[in-house]
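This report concerns only the one structure given below.
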2 protein chains.
Amino acid sequence: MQPEISKETIRGHTTTIVLNILNQGDSYGYAIAKTIKQLSHAAYDINEATLYTVFRRLEKNGDIASYWGSETQGGRRKYYQITPQGQATLDHNIQEWNFAKHVIDDLILGRIDADV
Amino acid sequence: MQPEISKETIRGHTTTIVLNILNQGDSYGYAIAKTIKQLSHAAYDINEATLYTVFRRLEKNGDIASYWGSETQGGRRKYYQITPQGQATLDHNIQEWNFAKHVIDDLILGRIDADV
DNA sequence: CAAAGTACTGTGTGATACAAAGTAGTTAGT
DNA sequence: ACTAACTACTTTGTATCACACAGTACTTTG
């Protein structure tokens with residue numbers, strides 16, 4: 001059993017991962033990083049810089065919105081919230097993944113048909 | 001049914017795809033591109049530049065070897081052949097993919113456990 | 001009071017897939 | 001004979017994305 005997932009394989013899925021987590025309730029950077037580690041059974045420990053890059057990308061696209069938490073003294077937290085558009089993106093990405101899984105299976109496990 | 005697989009999802013799998021095809025017999029660029037299209041049921045039409053980049057990368061790593069075909073007049077073809085090391089890489093990458101599939105499923109479909 | 005943990009941000013780098021363009025030979029249609 | 005489509009390989013430049021590294025700042029614990 002591999003302990004970690006490779007960068008190149010996870011690439012392209014980080015936004016969907018974050019959307020899935022936010023779809024279950026508002027959250028903030030540090031907590032999301034820990035949730036990712038937990039959901040992946042420690043196979044993926046997302047880099048902080050990566051995570052905040054994902055936030056910026058998603059917010060720019062309108063898939064998430066953000067607001068500062070009400071922690072008055074110190075320990076500021078920026079909360080993220082999925083938008084209706086983000087939920088649509090999530091649905092779309094999940095379908096895309098389910099499709100891609102089969103295509104990649106065919107491509108890396110498949111035998112070449114003699115007849116065309 | 002989506003017609004095409006997204007670039008970001010296929011990324012990182014191209015070398016494994018090529019290794020799988022070469023593991024079934026020597027072949028050359030153009031033919032491999034068509035095999036990829038066929039195996040993916042037209043979901044992935046690899047760009048030529050991408051394919052030749054993959055060849056260079058794999059040859060540099062020692063996973064494949066190449067030789068010019070014996071077509072004496074015109075229509076030159078460069079054939080590629082998987083090496084024993086390439087077969088080991090293929091096996092490794094397939095295991096990695098089977099592992100990654102489950103991790104990504106957990107990450108983009110998984111529910112967050114209330115208890116930690 | 002120092003160390004570890006929580007929490008957010010910016011800059012720069014590396015890997016990779018592809019678009020675009022070029023070179024060159026072959027085959028099929030009119 | 002000519003042109004278009006197809007076969008076949010290569011180079012250059014670009015875009016995306018994940019991350020390493022570095023920095024800022026507050027809190028908790030020994």
Side-chain angles (χ1 to χ4, degrees), chain A residues 4-18 26-37 40 43-61 64 66-80 93 100 103-104 107 116, chain B residues 4-19 26-37 40 43-61 63-64 66-80 93 100 103-104 107 116:
Chain A
E4 288 182 23
I5 194 165
S6 84
K7 293 181 203 179
E8 285 302 326
T9 303
I10 206 68
R11 196 187 158 108
H13 299 294
T14 53
T15 59
T16 311
I17 291 166
V18 170
D26 296 7
S27 192
Y28 58 95
Y30 213 77
I32 291 173
K34 286 199 290 188
T35 301
I36 289 174
K37 199 168 179 178
S40 70
Y44 185 36
D45 193 1
I46 195 170
N47 186 285
E48 286 182 46
T50 303
L51 190 56
Y52 290 104
T53 301
V54 170
F55 289 149
R56 260 171 257 133
R57 191 160 63 230
L58 284 170
E59 191 162 23
K60 198 177 154 194
N61 292 347
I64 62 172
S66 68
Y67 55 93
W68 284 100
S70 50
E71 296 79 18
T72 41
Q73 90 290 24
R76 74 212 203 288
R77 291 175 178 171
K78 199 179 201 175
Y79 283 84
Y80 294 93
N93 289 1
V103 173
I104 296 172
L107 282 167
V116 181
Chain B
E4 288 182 24
I5 194 167
S6 86
K7 295 179 201 180
E8 284 302 326
T9 304
I10 206 67
R11 199 186 158 106
H13 300 293
T14 54
T15 59
T16 311
I17 291 166
V18 169
L19 286 175
D26 297 6
S27 192
Y28 57 94
Y30 213 77
I32 292 172
K34 286 200 291 187
T35 300
I36 289 174
K37 199 168 179 180
S40 70
Y44 185 36
D45 192 1
I46 194 170
N47 185 284
E48 288 180 44
T50 302
L51 190 56
Y52 291 104
T53 302
V54 169
F55 288 147
R56 259 172 256 132
R57 191 159 66 231
L58 284 171
E59 191 162 22
K60 198 176 154 195
N61 291 348
D63 286 329
I64 62 172
S66 68
Y67 56 93
W68 284 102
S70 50
E71 295 82 15
T72 40
Q73 89 292 21
R76 74 214 203 287
R77 289 173 179 173
K78 199 177 201 174
Y79 283 84
Y80 294 94
N93 289 1
V103 173
I104 295 171
L107 283 167
V116 182

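- Atom pair Lys37(A):NZ and dG5(C):C1' shows a separation of 13 Å (rounding to whole Å applied).
- In this structure, CD in Glu4(B) is found 9.5 Å from OG in Ser40(B), a value given to the nearest 0.5 Å.
- Within 3.5 Å, a donor on the side chain of Arg11(A) pairs with an acceptor on the base of dT16(D), or the reverse.
- A straight line from NZ of Lys7(B) to P of dT14(D) spans 16 Å, rounded to a whole angstrom.
- The side chain of Glu8(B) lies closest to dT16(D), out of dT16(D), dC21(D), dA17(C).
- Distance, Ile46(A) CD1 to dT9(C) P: 15 Å, rounded to whole Å.
- Contact between the side-chain N/O atoms of Tyr52(B) and the OP1/OP2 oxygens of dT10(D) is not found at any separation under 4.0 Å.
- Nearest to the side-chain atoms of Arg56(A) among the listed nucleotides dA18(D), dT10(D), dG10(C) stands dG10(C).
- Straight-line distance from the CZ atom of Arg76(A) to the C1' atom of dA25(D): 7 Å, rounded to whole Å.
- The side chain of Ala49(A) lies closest to dG10(C) when the candidates are dG10(C), dA18(D), dA17(C).
- Residues Tyr44(A) and Thr14(A) form a side-chain contact, since some pair of their non-hydrogen atoms from C-beta on lies under 4.5 Å apart.
- One interatomic measurement links the two molecules: NZ of Lys60(B) to P of dA15(C), which rounds to 9 Å at whole-angstrom precision.
- Between Ile5(A) and Ile104(B), the closest side-chain pair of non-hydrogen atoms falls below 4.5 Å.
- Backbone-only contact: Tyr44(B) has heavy atoms under 4.0 Å from sugar-phosphate atoms and none from a base.
- Expressed to the nearest 0.5 Å, how far CG of Leu58(A) lies from OG1 of Thr15(A) amounts to 5.5 Å.
- Residues Leu107(A) and His13(B) are not in side-chain contact: their nearest non-hydrogen atoms beyond the backbone lie 4.5 Å or more apart.
- The distance from atom CD1 of Ile5(A) to atom C1' of dC17(D) is 15 Å, rounded to the nearest whole Å.
- Counting non-hydrogen atoms under 4.0 angstrom, Glu48(B) reaches a base of the nucleic acid.
- Considering only side-chain atoms of Val54(B), the nucleotide from dT10(D), dT9(C), dA17(C) that sits closest is dA17(C).
- With both pairing distances under 3.5 Å, dG30(D) is matched to dC1(C) as a Watson-Crick or G-U wobble pair.
- Against DNA chain C, the stretch residues 28-36 of chain A makes heavy-atom approaches under 4.0 Å through Tyr28(A), Gly29(A), Tyr30(A), Lys34(A).
- Residue pairs that meet the side-chain hydrogen bond (donor to acceptor under 3.5 Å, both in side chains) test with at least one member in residues 28-37 of chain B, sequence neighbours left out, are Tyr28(B)-Arg77(B).
- Rounded to an integer number of Å, the gap from Glu4(B) CD to dC18(C) P is 10 Å.
- Annotation: side chain of Val18(B) is not in contact with side chain of Tyr80(B) (no heavy-atom distance under 4.5 Å).
- The distance between atom CZ of Phe55(A) and atom C1' of dA18(D), rounded to the nearest whole Å, is 15 Å.
- OP1 or OP2 of dA17(C) has not a single side-chain nitrogen or oxygen of Thr53(B) nearer than 4.0 Å.
- Two residues are said to be in side-chain contact when any heavy atoms from C-beta on lie closer than 4.5 Å; Val103(B) and Thr9(A) fail this criterion.
- Of all nucleotides listed (dA20(D), dT6(C), dA17(C)), dA20(D) comes nearest to the side chain of Asn47(A).
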